[in-house]
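What follows is a short report on a single structure.
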Protein chains: 2
Amino acid sequence: MLEKKQIRKTPFRQEVLKLFKASKNAISLKEIERNLTSFDRITLYRTLKLFIEKGLIHEVLHSSGKKYALCKEQCDEHQHQHNHLHFHCSSCKESFCLKTHIQDLNLTGYIIEQTDLSVHGVCKKCNN
Amino acid sequence: MLEKKQIRKTPFRQEVLKLFKASKNAISLKEIERNLTSFDRITLYRTLKLFIEKGLIHEVLHSSGKKYALCKEQCDEHQHQHNHLHFHCSSCKESFCLKTHIQDLNLTGYIIEQTDLSVHGVCKKCNN
DNA sequence: TTTAAAATCGCAACAATGTTGCATTATTAT
DNA sequence: ATAATAATGCAACATTGTTGCGATTTTAAA
């Protein structure tokens, strides 16, 4: 099992991971719950938290709630590698609106209503 | 007042708008509450919701909560103009992980730990 | 300016979600 | 097999999001 990300192998965690592997897209908490035969709300909460910390999954944010998805890249407990026009500083908690050039997204066929580019990290001020 | 976005002018709303104008960066709900002399939680909630609907402010999403900021562009009740690698379809509610070329963000001085590029709209399937 | 219709406010109440502590149970390594 | 360590499940609580409704305020028309 891929559980060798320093995550202890338990039946519940394996079941949750299985769900993620079977999902093509990001899934919401409710979708996860709906697909579990039985579950404890708190345990699931902690499982997702751990998976995120260990770099196994990452959060996908949108206005009406979070979704979760397997990390496609080499994420670990120190860093998630996924790509904001809003810079969120984990040190000072400020959110900076930074102007950045974003090339045209070639999303032909899609209707784009709103887009968000966000960056987490440490800002200039805190990086001193 | 800028309240001519079809928003009725009330003392409370003016006070909230004033806060936004005085804020250089996006602000959290708690920061708003902290800067109001007195407030009703529900009224504030509805005020923000209205401001967003009318295109006066927009949400800034990050993992540990939402922040809010004035819209810099010509947003209205039909569209917010701000810029995801995750595509959120408002029709089927799916979140697609789309591969997109993102140019280097020239954020020298910043430590980048995690970034998210997200797009809201209607996906190919639903746009038929 | 007065007044009536329409919208907002503020409160109660509740739903959903996030979080911690702790005793019990399961997992891992010896 | 067993002891140390971690995970589980429950209670309890905190935070946030949401609706209904009567009282109040705003707006616009008389």
Side-chain angles (χ1 to χ4, degrees), chain A residues 1-20 26-69 77 88 90 93 95 120, chain B residues 1-20 26-69 77 88 90 93 95 120:
Chain A
M1 277 297 170
L2 286 174
E3 307 270 290
K4 300 314 169 196
K5 283 223 178 202
Q6 300 181 37
I7 301 175
R8 284 204 182 186
K9 185 167 55 177
T10 68
F12 183 72
R13 289 175 180 175
Q14 287 175 310
E15 194 180 356
V16 173
L17 179 58
K18 194 176 166 188
L19 270 184
F20 277 111
I27 49 181
S28 67
L29 187 61
K30 288 191 178 176
E31 287 173 306
I32 295 171
E33 294 180 343
R34 203 178 301 132
N35 285 286
L36 291 172
T37 53
S38 81
F39 68 95
D40 177 72
R41 205 174 62 87
I42 290 87
T43 300
L44 177 55
Y45 160 74
R46 283 193 276 224
T47 297
L48 292 176
K49 193 176 179 182
L50 179 70
F51 279 9
I52 292 168
E53 286 170 3
K54 296 296 186 180
L56 195 57
I57 64 174
H58 64 277
E59 293 181 329
V60 179
L61 304 176
H62 50 124
S63 184
S64 50
K66 294 177 182 175
K67 290 196 177 190
Y68 306 87
E77 54 201 314
H88 304 293
S90 57
K93 307 301 181 189
S95 297
H120 284 258
Chain B
M1 278 296 171
L2 285 174
E3 307 270 291
K4 300 313 170 197
K5 283 223 178 203
Q6 300 182 37
I7 301 174
R8 284 203 181 187
K9 185 167 52 178
T10 69
F12 184 72
R13 289 175 180 175
Q14 287 175 310
E15 195 180 356
V16 174
L17 179 58
K18 194 177 167 186
L19 269 184
F20 277 112
I27 49 181
S28 67
L29 187 60
K30 287 190 177 176
E31 288 173 307
I32 295 171
E33 294 177 344
R34 203 180 299 132
N35 284 287
L36 291 172
T37 53
S38 82
F39 68 93
D40 177 72
R41 203 174 63 88
I42 290 86
T43 300
L44 177 56
Y45 159 73
R46 284 193 275 225
T47 297
L48 293 176
K49 192 176 179 183
L50 179 69
F51 281 8
I52 291 168
E53 285 171 2
K54 296 294 188 181
L56 195 57
I57 63 174
H58 65 277
E59 294 181 328
V60 178
L61 303 177
H62 50 123
S63 183
S64 52
K66 294 177 182 177
K67 290 195 176 190
Y68 305 88
E77 54 201 315
H88 304 294
S90 57
K93 308 299 181 190
S95 297
H120 284 258

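Here the straight-line distance linking atom NZ of A/K49 with atom CD1 of A/I42 works out to 13.0 Å at 0.5 Å rounding. To the nearest 0.5 Å, atom NZ of residue B/K66 and atom CG of residue B/L48 are 10.0 Å apart.
Spacing between atom NZ of A/K66 and atom P of D/dT16 amounts to 12 Å, rounded to whole angstrom units. Atom-to-atom, CD of A/E59 to P of C/dT17 comes out at 14 Å; the value is rounded to the nearest Å. D/dT26 atom P lies 14 Å from atom CZ of B/F12, rounded to whole Å. As rounded to whole Å, 14 Å separates atom P of D/dA7 from atom CD of A/Q14. Distance, A/Q6 CD to C/dA29 P: 12 Å, rounded to whole Å. The CG atom of B/L48 sits 9 Å away from the P atom of D/dG17 (whole-angstrom rounding). The separation between B/R13 atom CZ and C/dG10 atom P is 11 Å, rounded to whole Å. Separating the CD atom of B/E53 from the P atom of C/dA7 is a distance of 14 Å, rounded to the nearest angstrom.
The side-chain heavy atoms of A/Y45 and A/L29, taken from C-beta on, include no pair separated by under 4.5 Å. Side-chain contact between A/R46 and A/L50 is absent, with no heavy atoms from C-beta onward closer than 4.5 Å. Inter-residue side-chain proximity for A/Y68 and A/E59 is flagged as met; some heavy-atom pair is nearer than 4.5 Å.
Listed nucleotides: C/dT27, D/dG9, C/dT8. Nearest to the side chain of B/T10: C/dT8.
Here the closest heavy-atom approach between residue A/F51 and residue A/R13 is recorded as CZ-O, 3.8 Å. Closest of all the heavy-atom pairs between B/I32 and B/F20 is CD1-CZ, 3.9 Å.
Between the side chain of B/R8 and the base of C/dT8, no donor-acceptor pair under 3.5 Å is found.
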Grab the N/O contacts between the protein and nucleotides 18-20 of chain D below 3.5 Å, and write none if there aren't any.
unit_1, atom_1, unit_2, atom_2, d
D/dT18, OP2, B/Y45, OH, 2.5
D/dT18, O5', B/Y45, OH, 2.8
D/dT18, O4, B/R41, NH2, 3.4
D/dG20, O6, B/R46, NH1, 3.4
D/dG20, O6, B/R46, NH2, 3.2

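Among A/T10, A/N35, A/L36, the one residue that satisfies the side chain to side chain contact (heavy atoms under 4.5 Å, CB included) test with A/E15 is A/L36.
One axis for each end of the helix from C/dT1-D/dA30 to C/dT30-D/dA1, each built from five base pairs, and the angle between them comes to 40° at 10° resolution.
Residues A/L29 and B/P11 both approach DNA chain C. Their nearest nucleotides, taken by heavy-atom distance, put B/P11 toward the 5′ side.
Considering only residues two or more places apart in sequence or on other chains, A/T47 meets the side-chain hydrogen bond (donor to acceptor under 3.5 Å, both in side chains) condition with none of them.
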